[in-house]
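Remarks on the structure that follows.
Labels below follow one simple rule: chain letters A, B, ... track the order of the sequence lines, proteins then strands, and each chain is numbered from 1. Below, all heavy atoms of this structure are taken into account, side chains as well, without hydrogens, waters or symmetry copies.
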Amino acid sequence: MHRWSELFIPTLREAPADAEVASHKFLVRAGYIRQLAAGIYSYLFLGNRSFNKIIRIVREEMDRIGQEFFLPALHPREIWEASGRWQLMGEHLFRLKDRKGADMCLGMTEEEVMTSIALKELRSYKQLPQIWYQIAPKFRDEPRPKSGLLRIRQFMMKDAYSFDIDPAGLDVSYKKHYETYRRIFDRCGLKYMVVEADSGAMGGKESHEFMVRTPAGEDQIVSCDGCDYAANMEKATSKLAPVADLPPEGDGQPLLVHTPGMKTIDDVAKFLGTSTNNKIKTLALMADATDEAGKKKSRPIVVLMRGNDQLNEAKLNAAVVTATRAMEESEIRALFKSPAGFLGPLGIDWATEIKNGDKPVLLVDKALEGRANLIAGANKEDYHQKNLTPGKDFHPTAYADLRAVTAGEACPKCGKALRIDTAVEIGHIFKLGYRYSESMGLRVLDKNGKEVKPIMGSYGIGIERILTAAVEQGNDADGFWLPAAIAPFEIVVAPVNVKDETVRAAAEDIAKRLEAAGYDVVLDDRDERPGVKFKDADLVGIPFRITVGKKVTEGTVEVVQRSTREVRDVRISAILETFEELLRRAG
RNA sequence: CGGGGCGUAGCGCAGCCUGGUAGCGCACCUGCCUUGGGCGCAGGGGGUCGUAGGUUCAAAUCCUAUCGCCCCGACCA
């Protein structure tokens, strides 16, 4: 039996000054965690108990679809070199040397190790499909660890990898994970959304993120209350209200207009008496790269958008497959022959495709596709152009969805108003495709004895993010409450006065019986005043409290539900039935 | 990496401007008292003032460097 008086549960009255978000404050105050360094935390008794319960759920569900491995955290450089990520990951990868001077790194994810096992061992289509997973620490040298356990440098991750003979097989493995993830997060008692996501630098096609809404989160999620549409901002779209085009002026050819000193979209629209949505916003960006010879070369990326739309950088990065930065004044003048404020698409020899070629890229947001008689800068100080029609007066390298969705716009599925929330990502599944089997040379023989590349999927769950999200999801001024399935204890039994023998014995008896019935119980047998015990019980995340007080003489105790603070008097003789109802049936 | 803030006892803070040998609350220890929401009284222990160097008779305090932590941004499989 767990007796509080013998346990190390260092609760604090005050949160550390450097904690900002609720989960950080409370996990420290409740004695779950202590910080060792930026983004590195120790889990104490309560934290570790909760952690292990989460892991057990993840393991039970993953065992239904896959096989658990345990892979090294310490990796040789070679396998990362082979996948191309020794370079790609840059400073994010923790690197070190062994005594012989050989380069090593700490695993930030395990595609390389899993694939290297697969490539040595998998020979035949008969061995596929495979789903291999592990639950193990991951290391990422984050430029800015933050918000307690939300973004840390060492964390526990369940990572799984699937190998299939063909895309149809991958669809099956993907779906299995999708369903398994739902079961895991349901069992963990989280309220979450599944959103369409950008697959990021990992490549691949289909991708879903499992998100929990909380102001502490780092991701922006667009969702619809009217239907099941939900997507990451990086991917979200909306049904835009149509904008009336201006009538052509004069002969309909591009028309130079004098706009002295009018540099901003608003200035120009007001000056010309039109809506900002008939004005083109021209964004001058630059993509830096190094060529084979190691020489730096930059390629201009110019983006055109509706006047009052905002660019979503993740969408842009996905479209051009590289990071971009704003152009410097000198670069603007070199390309446009004009100062900023009067930029436009005319008079520049744009590339005809994004890939290859050194010519500047003109990307036009889809919201401008099919529009006519727009207004843009004339690439001449104090002048703009009217009557500009994309495809007629200038030719975009490509059209792409680049605009950031804003709250209140119409859902692309059902048309209701979209909402935008911040959320924390607790899981991510995506179809990797052939990236690693390609780069690392994974091949098996198919039915016809022909060598084929298996297709892979990759699936991750952040263990501490489940805990963090649960705390963010259930807390108040006094502390937090975890779903019973992941709480360190389900019930705390609090005798109001341990010096009162009747009370003490009754509490002891109740705790024993509940424990015998299979509940995780802690008996707060400390010789403390009731207030101290109640405050601690409220703080530490245990979903139920049994208060054993004077009413024991009448055969009654109080059962308090932490989340609602609902109190009910329960006959001691009926205590097991009560929790049967409260915990077992509630799941 | 750019911008900002902070390092003084386990936690929260004051002292620094104007240099004079470190203080408050909570926590902790002992005793008494109390027992349905962090009780009361009395006594007590604990600090290289992040680190290094400098100025000075004297540095938590002034100067320089450095390390660490937090926040905003950039970044984020």
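At a threshold of 4.0 angstrom between heavy atoms, the contacts of A:Glu91 with the nucleic acid are absent. Using a 4.0 Å heavy-atom criterion, one finds that A:Ser147 contacts the sugar-phosphate atoms exclusively. Using a 4.0 Å heavy-atom distance criterion, A:Pro495 is classed as making no nucleic acid contact. Counting non-hydrogen atoms under 4.0 angstrom, A:Ala15 reaches the backbone sugars and phosphates but no base. Counting non-hydrogen atoms under 4.0 angstrom, A:Lys533 reaches nothing in the nucleic acid. Using a 4.0 Å heavy-atom cutoff across all strands shown, A:Lys138 reaches no nucleic acid atom at all. Across all strands, A:Arg34 comes closer than 4.0 Å to no nucleic acid atom at all (heavy-atom distances). Across all strands shown, A:Asp536 has heavy atoms under 4.0 Å from base atoms, whether or not it also approaches the sugar-phosphate.
Between A:Pro143 and A:Lys551, the residue anchored nearer the 5' end of RNA chain B, judged by the nucleotide with its closest heavy atom, is A:Lys551. Mapping A:Phe155 and A:Gln35 onto RNA chain B by nearest heavy atom places A:Gln35 closer to the 5' end of the strand.
Within the structure, every side-chain polar atom (N or O) of A:Arg151 is placed at least 4.0 Å from both OP1 and OP2 of B:C76. In this model, the phosphate group of B:A27 is approached by a side-chain N or O of A:Arg13 to a distance below 4.0 Å at OP1 or OP2. For the OP1/OP2 pair of B:C71 and a distance below 4.0 Å, the side-chain nitrogens and oxygens of A:Arg144 include at least one atom meeting the criterion.
Under the ring pair (Phe, Tyr, Trp, His ring centres under 6.0 Å) criterion, the residue pairs touching residues 542-570 of chain A are A:Phe544-A:Phe579, with sequence neighbours excluded.
Closest to the side chain of A:Lys499, from the set B:G37, B:G36, B:U34, is B:U34. Nearest nucleotide to the side chain of A:Arg529, out of B:C39, B:C76, B:G12: B:C39. Comparing B:C75, B:C69, B:G36 by their nearest atom to the side chain of A:Glu313 picks out B:C75. The listed nucleotides are B:G36, B:C69, B:C75; the one nearest the side chain of A:His92 is B:C75. Here the nucleotide nearest the side chain of A:Pro530, chosen from B:G12, B:G38, B:U35, is B:U35. In the set B:G36, B:C75, B:C69, B:C69 carries the atom at the smallest distance from any side-chain atom of A:Asp18. Out of B:C72, B:G36, B:G38, the shortest distance to the side chain of A:Arg29 is found at B:G38. Checked against B:C11, B:G38, B:U35, the side chain of A:Lys535 finds its nearest nucleotide in B:G38.
Between the side chain of A:Glu558 and the base of B:G36 there is at least one donor-acceptor pair of N/O atoms closer than 3.5 Å. One donor-acceptor pair, N or O on each side, does fall under 3.5 Å between the base of B:G37 and the side chain of A:Asp538.
B:G20 and B:U61 have their C1' atoms separated by 11 Å, given to the nearest Å. The same atom, C1', is picked in B:U48 and in B:C41; the two are 36 Å apart, to the nearest Å. Taking atom C1' in both B:U56 and B:C63, the straight-line distance is 12 Å, to the nearest Å. The P atoms of B:U21 and B:A59 are separated by 12 Å, rounded to the nearest whole Å. Here the separation of B:C29 from B:U66, taken at their P atoms, is 43 Å to the nearest Å. For the P atom pair drawn from B:G53 and B:A60, the interatomic distance equals 14 Å after rounding to whole Å. Rounded to the nearest Å, the gap between the C1' atom of B:G38 and that of B:C11 is 14 Å. One C1' atom belongs to B:U30, the other to B:C72, and the distance between them is 49 Å to the nearest Å.
What separates CG of A:Leu150 from P of B:C71 is a distance of 10 Å, to the nearest Å. Per the geometry, CG belonging to A:Asp569 stands 16 Å off P belonging to B:G36, to the nearest Å. Whole-Å rounding puts the A:Lys25 NZ to B:C70 P distance at 15 Å. Here B:A27 presents its C1' atom at 13 Å from CZ of A:Arg526, a figure rounded to the nearest Å. One atom, CG of A:Asp524, and another, C1' of B:G36, lie 14 Å apart when rounded to the nearest Å.
Cation-pi geometry between A:Arg545 and A:Phe534 is met: the NZ or CZ atom falls under 6.0 Å from the ring centre, inside 45° of the normal. A cation-pi arrangement is found for A:Lys453 relative to A:Tyr434, the charged atom lying closer than 6.0 Å to the ring centre and inside a 45° cone about the ring normal.
Under the 6.0 Å cut-off for aromatic ring centres, A:His428 and A:Phe210 do not qualify, their centroids lying 6.0 Å or more apart. Remark: aromatic rings of A:Tyr32 and A:Phe480 are close, center separation under 6.0 Å.
Pair check for B:C6 finds B:G68; Watson-Crick or G-U wobble, both atom distances under 3.5 Å.
Residues A:Tyr43 and A:Arg49 have side chains that never bring a donor and an acceptor to within less than 3.5 angstrom of each other.
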Contacts table for residues 67-75 of chain A: side-chain donor-acceptor under 3.5 angstrom, sequence neighbours left out:
unit_1, atom_1, unit_2, atom_2, d
A:Gln67, NE2, A:Gln130, OE1, 2.9
A:Glu68, OE1, A:Arg59, NE, 2.7
A:Glu68, OE1, A:Tyr133, OH, 3.4
A:Glu68, OE2, A:Arg59, NE, 3.3
A:Glu68, OE2, A:Arg59, NH2, 2.9
A:His75, ND1, A:Trp80, NE1, 3.0
A:His75, NE2, A:Pro72, O, 2.9
A:His75, NE2, A:Glu110, OE1, 3.2
A:His75, NE2, A:Glu110, OE2, 3.4

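In this structure, OG on A:Ser5 lies 9.0 Å from CZ on A:Arg526, to the nearest 0.5 angstrom.
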